[in-house]
Protein chains: 2
Amino acid sequence: MIHINEVAKQTHITVRTLRYYDQIGLLECSSKTEGGHRLYSDEDLQKLQQIQFYKSMGYRLQEIQEMLTDPNWNWTTGLVNQLTYIQEEQARLKEMELSLRTLLNGIAVEAGNQEQAVQKLIKLSMQDKKRPMHFREKMFSDTELKLWTKLPNMNGEHPESMEWIALIGLIIKYHASEVPSSPNVQNVIRRMLEKQAEEFPLEDEFIDKLWELRKSPSASEQLGMYPIEPEVLEYLERAYEIYISNTAEGDFRQGGEA
Amino acid sequence: MIHINEVAKQTHITVRTLRYYDQIGLLECSSKTEGGHRLYSDEDLQKLQQIQFYKSMGYRLQEIQEMLTDPNWNWTTGLVNQLTYIQEEQARLKEMELSLRTLLNGIAVEAGNQEQAVQKLIKLSMQDKKRPMHFREKMFSDTELKLWTKLPNMNGEHPESMEWIALIGLIIKYHASEVPSSPNVQNVIRRMLEKQAEEFPLEDEFIDKLWELRKSPSASEQLGMYPIEPEVLEYLERAYEIYISNTAEGDFRQGGEA
DNA sequence: ATAATAAATGACGTAACGTCAGTTTCAAGC
DNA sequence: GCTTGAAACTGACGTTACGTCATTTATTAT
């Protein structure tokens, strides 16, 4: 029989918490002094450990109470339910993480103008909900639509998307200060082409089609692409052409058999 | 200028929420009728969209209020902080998921006796905190200690652990009803050896040493291994010997150069 | 003008405690 | 036995972002 403060020290649970558990009937101490001070037995401590254990799995106190009292508690079902719940929460957090990364990259893309990035992304996410997808289906064949799902996007379903965005961000950054032929810009182009070869091997025709659509602001918007200013796109195209002409009968179109 | 109910319909935000936002000063409607009914302007709606946008990234209303009002708000820092927070939450949930999976497997291992599994796991997690690690270091060389970190454990740092646990669970299940030479059991042994060859190629000596320790309950406990009844271990050993003798000058010890 | 509908305010509830404030009990020394 | 400082007790309010009543007032259609 030990006092509440001793329990707190041993278990690293606060006195307040112990009193609260007593109050809601989750862990009533097995006896009290005549003056009303709580006294905890070894069994109480063991029960407390169990409570901690279940708490570490994200259960709420009410549920823990049921588990501990109901002899017919279905453990497997209960655990699987909790597991499902935890996984849903994880999915929610993942979406939040993606939104945050998207905005961060958006701000980078807009050269620090958050208002711009926020507005564009809000507009995009609203369109996402409304878009009837007909435009996409009209523009592409079935095989192309399958490729479409693998494209990087600002909603960032895949980490790869973020790499693409970072590359675009670099282009926009250099756009303000460097000529398209500068080594920095050419380096980005090279990395873009490498990524393209990795992720879309042997799909040059599809990529060319995409590029044409990308250059049309209205088509881009209808397709739900993140809006990029036309002058940036032109800058990118020039840099690309310079890269191609420099590598000429090049040694880079080989990657993609994996 | 539209009424509150219209806003609710358009934005899928409840009337209660709009009134609450007004109350805490997050979104005060720009005008009211003489009778006191709220009227929202297009600007109000835009602000509301922004609020929704930030909420989707897990920000709290107070923080959103600061973002919207403070012109010196540091966006990049704020976003990175939130990202960190979200990632910590994800880590917490991952631990919960692992605990749940561990208990589920523990219950499987204990043939449905949850009390047993819970007790064992609580004991294990308590030992985990207290164990001074000296025993491990005494028993193994430096290279072996590196291998140790790759071992499967019931805390399940890697998904691989769960596979091992499932296999052990099968062994314990069959232990009650089948002889070690049965096809089911031999199948599990084969999968265990395959996994071993994948994860610990060319480390037979280390595995043998581990097996010896595993067979001693006290050594297992000191090393923080999930307790398995001695008779199950003997059963497993017999099944292993039968498997080895059947595959004789076998065709399975080759896997592991990857 | 009246009735039906919609909007307003206010209050309580949620989960799991933290943090006072004010009062009572315990344990030890004299 | 008495005093005293430490510890324990019991409320009560605060936290987050609303949901859910209950009651009253405004608007709108007929």
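Within every chain, numbering begins at 1; the chains are lettered A, B, ... in the order of the sequence lines, protein sequences first and strands thereafter.
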Trainee: So which nucleotide from D:dA7, D:dC9, D:dT16 ends up closest to the side chain of B:R60?
Mentor: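 Of the candidates, D:dT16 comes closest.
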Trainee: Of all the heavy-atom pairs spanning B:G58 and A:M96, show the shortest one and how long it is.
Mentor: CA-SD, 3.5 Å
Trainee: Could you tell me whether the phosphate oxygens of C:dC26, OP1 or OP2, come under 4.0 Å of any side-chain nitrogen or oxygen in A:T33?
Mentor: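 Affirmative; the distance criterion is met.
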Trainee: Rounded to whole Å, how long is the line connecting atom CG of B:D22 with atom C1' of D:dC18?
Mentor: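 After rounding, the gap between these two atoms is 15 Å.
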Trainee: Without swapping roles, check the side chain of B:N81 against the backbone of B:G78 for a donor-acceptor pair under 3.5 Å.
Mentor: no
Trainee: What's the CD1-C1' distance between B:I4 and C:dT9, to the nearest Å?
Mentor: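 My rounded result for the distance is 12 Å.
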Trainee: State whether B:K55 places a side-chain N or O below 4.0 Å from either non-bridging phosphate oxygen (OP1 or OP2) of D:dC18.
Mentor: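 Checking D:dC18 against B:K55, a side-chain N or O does come within under 4.0 Å of OP1 or OP2.
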Trainee: Both B:R16 and B:H3 contact DNA chain D. Taking the nearest nucleotide for each, which residue is further toward the 5' end?
Mentor: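 Of the two residues, B:R16 wins.
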Trainee: Kindly give the heavy-atom pair with the smallest separation between A:P227 and A:K120, and that separation in Å.
Mentor: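 For A:P227 versus A:K120, the nearest heavy atoms are O-NZ, 3.0 Å.
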Trainee: Rounded to the nearest angstrom, tell me the gap between atom CD1 in B:I64 and atom C1' in D:dA17.
Mentor: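 For the pair B:I64 CD1 and D:dA17 C1', the rounded distance is 11 Å.
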Trainee: Could you tell me how far apart A:L18 (CG) and C:dA16 (P) are, to the nearest whole angstrom?
Mentor: 15 Å
Trainee: Which whole-number value in Å describes the distance from A:Y20 OH to D:dT15 C1'?
Mentor: 13 Å
Trainee: Ignoring backbone atoms, test whether B:Y21 places a side-chain nitrogen or oxygen under 4.0 Å from the OP1 or OP2 oxygen of D:dC18.
Mentor: yes
Trainee: Would you indicate whether B:E95, at its atom CD, is surrounded by more than 12 heavy atoms from other residues, nucleotides or ligands within a distance under 6.0 Å?
Mentor: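 Open.
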Trainee: Check if the side chain of A:R19 and the base of D:dT10 share a donor-acceptor pair of N or O atoms closer than 3.5 Å.
Mentor: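 Per atom types, no contact qualifies.
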Trainee: Less than 4.0 angstrom between a side-chain N/O of B:R38 and OP1 or OP2 of C:dA7, yes or no?
Mentor: no
Trainee: Tell me which of A:T17 and A:G35 sits closer to the 5' end of DNA chain C, going by the nucleotide each one is nearest to.
Mentor: A:T17
Trainee: Can you tell me how far C1' of D:dC13 sits from CD of A:Q23, to the nearest Å?
Mentor: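 From A:Q23 CD to D:dC13 C1': 13 Å.
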Trainee: Using whole Å, report how far CD of A:E34 lies from P of C:dT25.
Mentor: 10 Å
Trainee: Please name the pair of heavy atoms, one in B:R136 and one in B:L145, separated by the smallest distance, quoted to 0.1 Å.
Mentor: O-CD2, 4.0 Å
Trainee: For B:Q62 and D:dA17, give me the distance from atom CD to atom P, rounded to whole Å.
Mentor: 8 Å
